[in-house]
Amino acid sequence: MFIASQKRKQNIAEYLLYMWQVEDIIRACHLDLDLIKTNIIDRYSLDDTQRRQLIEWYESMIDMMRRENVTEKGHIHLNQNTLGSLIDLHQALLKDSRFPQYTAEFYKTLPYIVEIRSKAGDEKPGEIETCFNALYGMLLLRLQGSDVSGETQEATTQIARFIGTLARYFKLDEENLLDKEAEKLAGKKNENHQDKNQS
């Protein structure tokens, strides 16, 4: 809960990946709060209030997972809505000519997305979800200490760069600073254009 709250403020992408991990940890503990207390909560140095808050948070997560029927796979609505907000912003940024760097970063990433989706079977997730699936897959491989091929590493590095850009714009959008960022980018573009004309 404390980590989730901190990540939510700082980086929406890291927050979402963390929340997916929490879902999987809860599943690994068979949605058993006693197992979660033993394996997760008791490892933290918490005062009584913090411990109670963390227990209540895991309880609410378990409750959501049961009510929303994602005890074996899938994501709670809270996480789906976060992903949906990122998808909405992604589509808005692609349509907005004021953010050419974002569009360029996306098209650099697109071949990797297409490659990953080609291996996804019948249910092909959208572009942004594909990116998060790839990043989460890499996170799990690292946690397991598995070897990662150079190609996979290259793809994940580019995907991480792109999703990092989206997360930065998401934070700006939440702080109502996206228009200011667009003005800044336009100013840099004009400066570069003037420099070229002068040289």
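As a basis for the values below, the full set of heavy atoms in this structure was taken, side chains included, without hydrogen atoms, waters or symmetry mates.
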Transitive ILVMFWY side-chain link [X] to [Y], under 4.5 Å:
X	Y	value
Leu89	Leu94	yes
Ile159	Val148	no
Leu139	Leu141	no
Val22	Met138	no
Leu35	Met65	no

Taking all non-hydrogen atoms of both residues, which atom of [X] and which atom of [Y] are closest, and how far apart?
X	Y	result
Thr152	Ser149	OG1-OG, 2.8 Å
Asp42	Thr38	OD2-CA, 3.7 Å
Phe99	Ala182	CZ-CB, 3.7 Å
Cys29	Asn39	SG-ND2, 4.2 Å

Between [X] (side chain) and [Y] (backbone), is there a donor-acceptor pair under 3.5 Å?
X	Y	answer
Gln80	His75	yes
Arg117	Pro125	yes
Glu23	Ile76	yes
Glu68	His77	yes
Asp96	Ala92	no

Which distance, rounded to the nearest 0.5 Å, do you find between the [atom1] of [X] and the [atom2] of [Y]?
X	Y	atom1	atom2	result
Gln158	Ile113	CD	CD1	9.0 Å
Tyr102	Leu185	OH	CG	13.5 Å
Glu129	Ile87	CD	CD1	6.5 Å
Leu16	Asn11	CG	CG	10.5 Å
Leu33	Asp63	CG	CG	11.5 Å
Leu110	Glu105	CG	CD	12.5 Å

More than 12 heavy atoms of other residues, nucleotides or ligands under 6.0 Å from [atom1] of [X]: is that the case?
X	atom1	result
Asp48	CG	no
Glu175	CD	yes
Glu151	CD	no

Taking the side chain as every heavy atom from C-beta outward, state whether [X] and [Y] have any atom pair closer than 4.5 Å.
X	Y	result
Gln21	Leu140	no
Asn133	Tyr136	no
Gln50	Leu54	no

* Asked: Stepwise, does the side chain to side chain contact (heavy atoms under 4.5 Å, CB included) test hold for Leu166 with Leu93?
  -> CA-CA 9 Å; Leu166 177 58; Leu93 288 167; 4.1 Å; yes

* Asked: Passes side chain to side chain contact (heavy atoms under 4.5 Å, CB included), Tyr44 versus Ile3? Steps please.
  -> CA-CA 12 Å; Tyr44 292 105; Ile3 297 170; 3.7 Å; yes

* Do you know which of Tyr107, Tyr112, Phe106 makes ring-ring contact (aromatic ring centres under 6.0 Å, His included) with Phe162? ->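 So the option named by the test is Phe106.
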
* **Qualifying residue for salt bridge (Lys or Arg N to Asp or Glu O under 4.0 Å) with Glu181, from Lys171, Arg98, Arg168** =>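 It is Arg168, the one option of Lys171, Arg98, Arg168 that forms the salt bridge (Lys or Arg N to Asp or Glu O under 4.0 Å) with Glu181.
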
* Asked: Does the side chain of His90 pick up a donor-acceptor pair with the side chain of Tyr169 at under 3.5 Å?
  ->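 Side chains of His90 and Tyr169: no pair found under 3.5 Å.
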
* **Stepwise side chain to side chain contact (heavy atoms under 4.5 Å, CB included) check, Tyr15 with Met19** => CA-CA 6 Å; Tyr15 164 77; Met19 289 298 287; 3.6 Å; yes

